[in-house]
Protein chains: 2
Amino acid sequence: MVKTENTEERILEAARAVFIRKGLTGARMQEIADEAGINKALLHYYFRTKEKLFDRIFFEVFQTISSGINQAFTENIPFFDKIKKFIDLYIGVLLENPYLPIFFLNEIQQNPERLQQFIEKDVFKSMSSFLIQLSDEINAGRIRPVHPVHFIINMIGMLVIPFAVKPLLAPIVSRQLGIDYNDLLRERKEVVFQFIINAIKPIEK
Amino acid sequence: MVKTENTEERILEAARAVFIRKGLTGARMQEIADEAGINKALLHYYFRTKEKLFDRIFFEVFQTISSGINQAFTENIPFFDKIKKFIDLYIGVLLENPYLPIFFLNEIQQNPERLQQFIEKDVFKSMSSFLIQLSDEINAGRIRPVHPVHFIINMIGMLVIPFAVKPLLAPIVSRQLGIDYNDLLRERKEVVFQFIINAIKPIEK
DNA sequence: GTCTATAAGTAGATAGAC
DNA sequence: GTCTATCTACTTATAGAC
């Protein structure tokens, strides 16, 4: 049960929790109302329809996801520092919002049109600039040749997947290896960085 | 619209398509019936409830996902060959079933209990045996030290994510770089293998 | 702004004819 | 096995009192 004073903010917090847990089609307005500690009719008073309320939450989720990318990619720092910063920021965001990636990816898989509203967003620009910096590093011979798009995909995959497969792996890892999955998630800041460095650093002579 | 003669099989094909597209809560029995070219009542005649029909599909999806893992991990071949085989098999499965990972991961995020029925499955055994082989390789100094669990997560992340983010990246990659995303997906068999090799092969002297 | 009550439509599921 | 018709319960959304 949410505790904020402001009713609108209470609704948003409740909606975020329920939508992320159940998805658009699985969420119930009644459940959101209960979680917010208010009446169902009041939801419609504030946001008119379930779809509009969802749009609002989806937009906020997109911002959460993209702000980290922007922050790291737009800074004017050396390439390896940028990678390190991106990884740290991103795992930080995911540790606080572990269910966000699958929620987000599932909703866009089920309804890709929802992305239309974001096509002009900054994320894509800052990603482009990162791709260019990556190309420059390759041309200068400071990292091994790797297609920039593949590189980004590799990096994002290694960051996101451990959170996505947590329900699958956590019980196994815990039972069979005695490892707490959350510890493992925190370790990944260092592990992923090192793995990437190993993969792209030119062979030393 | 599905064309198989056998009604039960027609229903299953239709249900698979609809459930994977819309998820458990988003799917409608009416839509499955339409897709199968039969009546809604007949669905219930064959599978009694939506939940039972979904369970059946979910089980099949799990098998599709885990059979590739089993095949590659249980074979008695050199370590790097095993990696290569796993990557090839897995990307092959995903190219044929691109929406499977997000569907699967979303459903287990929303209802982790559904995994209970699988805990005794072979995948987990064959994954354990791979973890052991990986440890052996590290101890023998044939690959750089890397925590086996982290290694598997890295590999799976790089394999799965490009399919999961396809709705997000495909339009950008296509518009801004003129690259067909499906070409890029096929390239990944080679790219991921090379990336992993670079990351874990000991530094040559 | 917030509530209760209810309308209108839809979903899963069944009855019963063929 | 397969269909049409229908039941029952639930869901979003609104009307209207306070």
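A, B, ... follow the sequence lines: proteins, then strands. Residue 1 opens every chain. No hydrogens, no waters, no symmetry mates; every other heavy atom, side chains included, goes into these values. Keep in mind that this is a model prediction, so the values were computed, not measured.
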Set out, line by line, the N/O atom pairs under 3.5 Å between protein and nucleotides 6-8 of chain C.
none

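Legend: residues meeting salt bridge (charged side-chain N to carboxylate O under 4.0 Å, His left out) with B/K201, ordered by chain and number and at least two apart, are B/E204. Among residues two or more places apart in sequence or in another chain, the ring pair (Phe, Tyr, Trp, His ring centres under 6.0 Å) test is passed with B/H44 by none. Applying the salt bridge (charged side-chain N to carboxylate O under 4.0 Å, His left out) criterion to A/R144, with sequence neighbours excluded, gives no partner residue. With sequence neighbours excluded, the residues that form a side chain to side chain contact (heavy atoms under 4.5 Å, CB included) with B/Q176 are A/S128, B/I172. Judged as a salt bridge (charged side-chain N to carboxylate O under 4.0 Å, His left out), and not counting sequence neighbours, the contacts of B/E137 are B/R142.
Looking at A/E107, its side chain does come within 3.5 Å of a backbone N or O of A/L24 through a donor-acceptor pair.
In this structure, CD1 of A/I38 is placed 14 Å from C1' of D/dA13, rounded to the nearest angstrom.
Sorted by first and then second residue, the ring pair (Phe, Tyr, Trp, His ring centres under 6.0 Å) pairs with a member in residues 9-34 of chain A read A/F19-A/F54; sequence neighbours excluded. Evaluation of the salt bridge (charged side-chain N to carboxylate O under 4.0 Å, His left out) test over residues 37-53 of chain B, restricted to residues two or more places apart or in two chains, returns B/E51-B/R114.
With the end axes of the helix from C/dG1-D/dC18 to C/dC18-D/dG1 each set by five pairs, the angle from one to the other reads 10° at 10° resolution.
Using a 4.0 Å cutoff on non-hydrogen atoms, the parts of residues 41-54 of chain B near DNA chain C are B/A41, B/H44, B/R48, B/T49, B/K50, ordered by number.
The phosphate of C/dG1 (OP1 or OP2) has no side-chain N or O of A/T7 nearer than 4.0 angstrom.
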Donor-acceptor pairs under 3.5 angstrom involving side-chain atoms of residues 96-105 of chain B: please list them, not counting sequence neighbours.
residue	atom	partner	partner atom	Å
B/N97	ND2	B/V93	O	2.9

Which side-chain N or O atoms in residues 157-167 of chain A pair as donor and acceptor under 3.5 Å with protein atoms at least two apart or in another chain?
residue	atom	partner	partner atom	Å
A/K166	NZ	A/N182	OD1	3.0

